[in-house]
Amino acid sequence: MDKRVGLDSVAFTLNGAEVTTRPLPGERLSHSLRERLGARDVKVGCDAGDCGACTVLLDGEAVCACLTPTHQAEGCTVETLAGLRGTDKAAEALADSFAAHGAAQCGICTPGIIVSAVALLRKDTQLTEAKVQDALGGVLCRCTGYRKIIDAVLAAGAPHPVPKGDGHVGQPIQRLDGGGKLDGTELFGDDVAPTDALLVRVIRSPHHRARFDLGDLHGWAEATPGIVTVLTADDIPGTQTFGVIPAFADQPVFAVSETRFKGEAVAAIVGSAAAMQLLDEATLPITWTELPAALTISDALSQVAAEVHPDRAGNVMCRGFVACGDSEAALQSADVTVEGSFTTAFVEHAYIEPEAGFAQMVGNRLELHACTQAPVMDQEALADILGMPTDAIRIVPTGIGGGFGSKLDLSVQPYIALAALKTGQPVRLTYSRTESMQSTTKRHPAQITARIGATKDGRLQGMTFHGQFNTGAYASWGPTVANRVPVHASGPYQIADYRAEAKGIHTHCVPSGAFRGFGVPQSAVAQESLFDELADKLGLDRLEFRILNALDNGTPTVCGQVFDSGVGIRACLEALLPAWAEALTLTTSWNQVHETQRRGVGVAGGWYGCGNTSLPNPSTIKCGLRADGTLVLHQGAVDIGQGSNTVITQIFATALGVPVEQVTLVGADTDVTPDAGKTSASRQTFVSGNAARLSAEALRADILARVNADKTAELRLDGNVIEIRDAAKTHRLALADLPADAEGYVLRAEETYDPPTVPLDANGQGQPYAQFGYAAHLAVVEVDMELGTVKPIRIVAAHDVGHAINPVLVEGQVQGGIAQGLGMALMEEYLPGRTDNLHDYLIPTIGDIPPIDTLIIEEPDAHGPFGAKGLGEHVLIPTAPALLNAIRHASGVQITELPATPARVRAKLRERADG
Amino acid sequence: MYSFDIARPSSVADAASALGQEEAQALGGGQTLIPTLKQRLASPSVLVSLSGIAEIKGVCKMDDGRLSIGGGTNHATVAAEAGAHYPALADLANNIGDPAVRSRGTIGGSLANNDPSACYPAAALASAAEIVTNTRSIAADDYFKGLFETALEEGEIITEVRMAVPEKAAYAKFEQPASRFGLVAVFVAKHADSVRVAVTGASEEGVYRWSEAEAALSANFSADALSGLTVSGDGMISDLHGTGEYRAHLVTVMTKRAVEAAG
């Protein structure tokens, strides 16, 4: 009868091998596979069956390994991506197709996606889009927008010839770092720790605001088997607080006596893996006294609100301001004006990889491996916290399973660093989904009021903008948002009389920080929604109205900045004209025969200044040639899935004049790569790309000078000889004859690029950015007038990238950005303490993203490498307002509170029906 | 996590015996229980896995025309095998969760858990199901007792679910997009002698029959017959994804759409 298993072993077949393991009762199969059987190609994103990253095949059926008790695998066959690759025809076909389509970006969801697709392909070869969407419906991807995944699965098995050529700028080559993402060998933050590493658990505030007493935590640790130590503020050798902007550094590593948001760290427990698996936080001696908390902007600004920081009066963190002309006078003399108030929600980055890493002491140095967008900032911050010199700290970014801005800030780093320093042992920490959502930065919720005027012939005349941004308990990138928004809130349009102010307001919420767009997606919602109202009031076509007012070369922005070239918004808007006409016609005929499902078309524009706002923002790229002819590119611009490894190499190879395949990439690693700055603000293609170009040009100049060749000479790297051919002759430079330096390089170059900007004056006048990228989106939606649901039908996206270094990667950025913009518009709303998981916090699934047409516009930029502009942020800036404008066109109601959930849309519809 | 034993019986009799122990808990596909355990919302000392019991798996047509589904049958099997006999039920099963949930989750697990937003309780009520356990048979009308509450006794195992196959039926679900549970979902079934309308996802009391709609549809099985009916938001679930008032509204719309889909 009753076959007791208890702590006995479980045997099953894993990727063709018989394995036996001894899980704890009820242990998740995902945990046993990763931690006991070494199958770290199985990824864990939520431990709740929400994300599907851990999908494996159990007797051929796709299952979430995190919801499968290991004991239920007894006698079964378990297959994971690593085992399927090389043995399963479907998996091979899928991997080829994914590589060709660029269907893996960061790669963290890819194992779950491919495994699920293998299960589908084994059963069914007559695939349709609907079948693919159903089969992959349980696997979340935050990078790609799913369309390339659908395309790749549908095309699995078709021939995918690798594009021939030198891979230079403009060619859609496959990503250079793609292989490991498709066979499960790419190592992410949770994949790199040695198996005997100690684990850290951060203890966090259960209240939005509380006083607390740690009690006898050290006594508890001594009395609890397997616990090695505890960490509190007393264990910090250096500065207690950190922050990405030095003047605003205000976030304690561990709160002292009072917490300011739910999920704030107060202590950390360090112990063996076995002890930590059994740790019950309820046994800790910490006592909490909940205090009144201000969670909203209005709470925080009320007279009775507590000051979150005593030195920031009235809970106002900072203010950004831009003014030109006389906005009030212009509005008064305008023929028509519109005014509106808009609110947006906290938005969670929801990368599928929670923050993770490990740290160890190597001699007197600390080595830290973690998923990060900003290795040098991490290094500098840890030097302060640990009281160590910067060069005693090495940061090695692991694979990064999505970042989107939040992995610019410290997360696990100080805890594993302090624990490694204190214990001298390797230490590992991976955030749970809940603690990732509770404690890491969010997109700022905004409350915006704007007023815009126009003349009767459709010219913009005056705009005022007032935005308040809930920046949470600590500054993070809040000051950047406050500064950036007034510069961008006009949109890429000609407005001579303008006044915009943005404030960051402290609350007892999780800190808001950087998230694709830094506040601009929120301001675009207000401005672009009001533009539709203006156009309607004027009786003008909504797209023509935008074209009429679009910025041009030679016309000043609201900061008084004038570009002689590269202003591409008009070209983006005009590129939408054919789709606009077609969509309006189709929508009209659809609505003639459909009463309940009404369709509408919306359009919106956007722009984004690439790089820091009027601040130094350099990148340095190093390259070298070894005696054996190995050409090495030290590329420190962290690739978080967007493709900087590939794009920067393409730029480098083009500028040097050799094929991409001859370049060996190293980095990022603070011991090996010079500082290429942070992966943020759409700056890597532009700034690091320029540094790579300069570095290549310097190396090339050195080579040419050595043989006195003409600067137009062609280079050929042939083994350990460089052949240099100019009009006069062919020279040969034998690398083996040259002396090698300490790093083994016989030739080398290292160059820095810093974009030219001019500081803003008190009225925000100056040159905040050396370049802007531009975008315009068209959206078609269907609104169910009974239910309030909004179904996007089609999106057409025009993006001015100056020069598309890699068109496939451009499309990937555009589609992925649109998915995030769509989520922000229609479903995403983080409520502190209430939506700390991926089933209450909704992000788009594979069924939510409509077909997307990407129109690449190339208005060359004066400063960008080969004319290229940044792209990472303007991919989503117009999405939400385009969707809202389409909802308004379809249903007649203006949604002013995001997200436009079915309940909110239906409430608006009913309000209108009730008159 | 904490420590407990796990039993993996291969027969219903062994399972019942294992469940007779102190604080024993049955484990079906684990799609609900595993996360619950991890959050310490449940703390059994013995977990009895039912996934190895072959005798409670499978779908077949009974001599009296009803459809018999083994309690341990997963959703994917129901989706594949019920279609020839009861298309609306196969459709419901095929739209539960995602493929991973459908290959692990079972009908018995769903009915035993009685989540207020689950799909199968609506099908069971609308199909005048008989829920057969290792000790007795319970009519669906007597089985559902409110939120996560059922008529099951400690240690009782659902071995079989017998459903009357209606003349016409359809399940209209307004999905919670992440879980794909019903934010509100309605199963409408027109039987020879009656119409049953079962609503899930809406009420704080769990799945229920909407008697006014049943009466109206019994007289005239068409969406128009529902046009005068309204539902109050009182007693409806109000959460992040929809207020009680919104859910009440959805009940009327989804019922109408189910009737239209049933044809």
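The analysis underlying the following values was restricted to heavy atoms, covering all of them including side chains, and did not include hydrogens, waters or symmetry mates.
- Distance OG/B:Ser179 to CG/A:Asp50: 8.5 Å, rounded to 0.5 Å.
- A heavy-atom distance below 4.5 Å is not found between the side chains of A:Pro25 and B:Leu47.
- Within residues 250-261 of chain B, the residues that have a heavy atom under 4.5 Å from a heavy atom of chain A are B:Leu250, B:Val253, B:Met254, B:Lys256, B:Arg257, listed by number.
- Side chain to side chain, A:Arg906 and B:His249 meet the donor-acceptor criterion of an N or O pair below 3.5 Å.
- With sequence neighbours left out, B:Glu204 forms a side-chain contact (heavy atoms from CB on, under 4.5 Å) with B:Ile237.
- Top candidate by heavy-atom pairs under 4.5 Å with chain A, chosen from B:Arg247, B:Gln176, B:Arg104, is B:Arg104.
- Contact annotation for residues 49-56 of chain B against chain A (heavy-atom separation below 4.5 Å, listed by residue number): B:Ser49, B:Ser51.
- Contacts between A:Pro844 and chain B at a heavy-atom distance below 4.5 Å are absent for every atom of the residue.
- For A:Leu842, the part lying under 4.5 angstrom from a heavy atom of chain B is the side chain only.
- What you find for A:Thr845 and B:Pro177 is that their closest heavy atoms are CG2-O, 4.5 Å.
- The two atoms that bring A:Cys64 and B:Ala100 nearest to each other are N-CB, 3.6 Å, heavy atoms only.
- Side-chain contact between A:His839 and B:Arg180 is absent, with no heavy atoms from C-beta onward closer than 4.5 Å.
- Interface remark: A:Leu140 contributes no atoms to any contact with chain B (heavy atom separation under 4.5 Å).
- Closest approach of A:Ala62 and B:Ser103 over heavy atoms only: O-OG, 2.9 Å.
- Between chain B and the residues A:Thr789, A:Leu120, A:Asp134, A:Asp848, the largest count of heavy-atom pairs under 4.5 Å involves A:Asp134.
- Within 6.0 Å of NZ in A:Lys791 there are 12 or fewer heavy atoms belonging to other residues, nucleotides or ligands.
- Residue A:Ala135 comes nearest to B:Pro99 through the heavy atom pair O-CG, 3.5 Å, listed as atom of the first residue, atom of the second, then distance.
- Heavy-atom distances place both the backbone and the side chain of A:Asp840 under 4.5 Å from chain B.
- B:Leu240 places none of its side-chain heavy atoms less than 4.5 Å from the side chain of A:Tyr841.
- Contact of A:Thr596 with chain B is made through the side chain alone, with heavy-atom distances under 4.5 Å.
- The backbone N or O of A:Leu787 sits less than 3.5 Å from a side-chain atom of B:Tyr246, completing a donor-acceptor pair.
- Near-neighbour residues of residues 822-835 of chain A relative to chain B, defined by a heavy atom under 4.5 Å from a heavy atom of that chain, comprise A:Leu831, A:Arg834, A:Thr835.
- Distance check: B:Asp98 CG to A:Gln133 CD gives 14.0 Å after rounding to the nearest 0.5 Å.
- Looking at A:Asp784, the atoms closer than 4.5 Å to chain B (heavy atoms on both sides) all sit in the side chain, from C-beta outward.
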